Amino acid sequence: MYYMRITDYADELLSALDELPGWPERVKTMQANWIGKSHGVTFGFPYELDGEPKQLRVFTTRADTIMGVTFCAVAAEHPLATRLAQDNPALADFIDECKRGSVMEADLATMDKKGMATGFHVRHPLNGEQVEVWVGNYVLMSYGEGAVMGVPAHDERDFAFAKKYGLPIQQVVEADGKTFSLDAWQDWYADKDNVRCVNSGKYDGLDYAAAVDAIAADLEALGVGGKEVTWRLRDWGISRQRYWGTPIPIIHCPDCGAVPVPDEQLPVVLPEDLVPDGSGNPLAKTPSFVNCECPRCGQPARRETDTMDTFVDSSWYFIRYACADNTDAMADARVNYWLPVDQYIGGIEHAILHLLYSRFWTKVMRDTGLVDFGEPFKRLLTQGMVLNHIFYRRSDKTGIQYFAPDEVELAHDETGRITRVTAKADGQEVHYDGIGTMSKSKRNGVDPQSLIETYGADTARFFIIFTSPPEQTLEWSEAGVKGSFRFLQRFWAFTVEHAAAIQQESAARSGQYADYQYAADFRHSHPAHAALRLETHTHLQQATFDLERQQFNTVASAAMKMLNALQAAGDFPAGPARQTLHESMSILLRVLAPITPHVAHVLWQELGYAGDILDADWPTLDEEALVRDSITLAVQVNGKLRAQIEVAADADRASIEQSALNAPNAQRFIDGKTIRKVIVVPGKLVNIVC
RNA sequence: GCCGGAGUGGCGGAAUGGCAGACGCGCUGGACUCAAAAUCCAGUUCAGGCAACUGAGUGUGGGUUCAAGUCCCACCUCCGGCACCA
């Protein structure tokens, strides 16, 4: 039987984040914070109780301040607190109060630092002094050792605590030019940089790192402590006391203990006829489910009634997709072929739990030999929410009344700014409440079905992709949707108009479409269309670059630019010009295909290209199309744009400099000054410094 | 409080240190129309100018650079996450 603890994987879950370049930094940071690796020192304060020598263990990241300890504080749930409360009713009451208080979430943020002295003392391991133990409501049992050393001079929380209860405050760290005062907390008291130990005996003068090293070594020599790493991440217990979950296939036998359900009895299926009564786990009250025989010795036994946390299933469902028909194993060889997932898409709300559990689970499957990869998702995209405008009217009778965006009329001033909103129904004014998440109550949602019926799925897809990057929130806009619709209509009309001509042309060439498309020799094409090819391939270059870096809105705009260029190019008479059109169309269609697959599919066939567009390759960039005879350079004088010059593409530096200096408008700003330097950025600009 | 991210026209947003505002929406003017819608053409950062052009301009203040929306430092605001983490 395996025991797999997520905390055992904390180190790898943290360090492997560096090997996930396809994940957003934001998510990786959130996971790193959640795992919360902390380097410090764990050590014990020796004491004797009930005739036995013991240690009060504490964790600290500031071992360098150890000589400033003036008290210790333990959590209410700490065993020492429990033991001391046996002889101290007041303390027992206080502990009860703490335990009650900590449940109240609302109070947690504002809760006062409260504590109570126990009258019990432990011994400082390095200077032998007696240190009183307090119970503090701000000490967490679940982090570190559930106990802390109190150094009020150099920890803001301890400072407040000491001031409140009149505990001694001992400065043990100093910084140049700073004065320590007991009056009020100052931020530098807790600095680790540019400080040194003071009032710390043999450690005086050491900086943070040296002091921690020396103190950790001394504690180790005394056998009471040493350096340690502590994690914020807690263990993940996967069992839940409820019906609705995956059964845990274990049988409890009085003699054999926990016995796995044999393979031939799997899967364990939940009973479907039980009636939950709202108290406890209904499975435990269902004898037909609970009562069974021990698979090992055959005597009556009890089936496990806890079920698994739903995060278990979501941690590896994607692995199962690759081997869904395998009834004998969790995974088989096909999984290693299909996974890890190339591109995972989900909401940001899964940034920590689901995505961390999945990473853990995958590593467990790797270590048990089930799969041979350790990270489940190569690339992650966390998409944003969809927002829309909110309009409402407040009235005494009906209260607040929301208006859907298509129920109002907007008036603008001459700059396009919204000046007045009125209801279409009654012409009366409506209040505009800005942009917010779509919700039924605010009546600003959009029904995808009616959108698809009005404009088609491709328009919706194009609008969503074009309007904003997917990981950002998307502001819905009816006008924007119409704009996308307009583009697709323009694209459709243009294509259909030229399809007939292209088909004729093709017929004349015995239907050799595929060859026509890919093997065209454009060196002899119409000179007027070299400009179109230049544009098409320039936009293709941008689209390819943006697709690579997952910036899809500019892929959509590249497609728009291609259509604009095609429409501006004018006529396409038969012959080489038609060939240029044919190539540009094939590129445009393939760039659009991922965004508007339906439109692209139909038009691809309309134009008679070979095969299905789904199988067509992403267009290849023709470097030759990007070659131009002359180029336009910007001319700057002292970094300010002053002129444009046209130079031969292969012009040398000297002649570029000369034309720049001769540019009339540049002349005006150079005149009478000494030219100190001329910077030429090939293909871009010339900067004249004077 | 700590850790991220962001701040660019009226709006959504482009810009691989090298011409800020691509592309689109909206708006303005025009064409077509009996008229409207649709479509097409032109204009649209702000200020000045008939124009050529000039000045200012990417949250604020500094810095690096021939050149900064982009890099560095400090600050402000907003969004998200974590939050008594020792």
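None of the values given here were measured: they were computed from a predicted structure. Protein chains get the first letters and strands the later ones, always in sequence-line order, with residue 1 at the start of each.
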- Message: Is it the case that the side chains of A:Arg490 and A:Asn564 hold a donor-acceptor pair, with the cut-off being a distance below 3.5 Å and no angle test?
- Response: yes
- Item | Centroid under 5.5 Å and tilt under 30°, A:Phe545 to B:rU16 | yes
- Query: Taking only side-chain nitrogens and oxygens of A:Asn33, does any of them come within less than 4.0 Å of OP1 or OP2 of B:rA83?
  - Reply: no
- Message: With a 4.0 Å cutoff (strictly under), does any side-chain N or O of A:Asn553 reach OP1 or OP2 of B:rA14?
- Response: yes
- Task: For A:Val139, answer base if it contacts any base atom (sugar-phosphate contacts may also be present), sugar-phosphate if it contacts only those atoms, and nothing otherwise; contact means non-hydrogen atoms under 4.0 Å.
- Result: base
- Message: Without decimals, in angstroms, what is the distance between A:Trp34 CH2 and B:rG80 P?
- Response: 18 Å
- Query: If anything within 90° of 0 is syn and all else is anti, what is B:rG7?
  - Reply: anti
- Using Watson-Crick geometry (N1-N3 plus N6-O4 or O6-N4) or G-U wobble (N1-O2, O6-N3), each under 3.5 Å, B:rC32 is paired with none
- Message: Of the options B:rA86, B:rA67, B:rG24, whose atoms approach the side-chain atoms of A:Met560 most closely?
- Response: B:rG24
Restricting to nitrogen or oxygen on both sides, can you table the protein-nucleotides 5-8 of chain B pairs closer than 3.5 Å?
none

- Query: Using purine N1 to pyrimidine N3 plus N6-O4 or O6-N4 for Watson-Crick, or N1-O2 and O6-N3 for G-U wobble, both under 3.5 Å, which nucleotide pairs with B:rG4?
  - Reply: B:rC79
- Which part of the nucleic acid, if any, lies within contact of A:Gln636, taking any heavy atom under 4.0 Å across all strands shown: a base, the sugar-phosphate backbone alone, or nothing? base
- Message: Is the phosphate of B:rG24 approached by A:Asn564 (side-chain N or O, under 4.0 Å from OP1 or OP2)?
- Response: yes
- Using 30° and 60° as the class limits, which term best fits the ring planes of A:Trp236 and A:Phe360: parallel, tilted or perpendicular? perpendicular
- Query: With a non-hydrogen cut-off below 4.0 angstrom, is A:Glu156 in contact with a base, only sugar-phosphate, or nothing?
  - Reply: nothing
- Does A:Gln31 place a side-chain N or O at less than 4.0 Å from the phosphate oxygens OP1/OP2 of B:rG81? no
Under 3.5 Å, which N/O atoms of the protein pair with N/O atoms of nucleotides 36-42 of chain B?
none

- Classify the angle between the aromatic ring planes of A:Phe491 and A:Phe487 as parallel (below 30°), tilted (30 to 60°) or perpendicular (above 60°). parallel
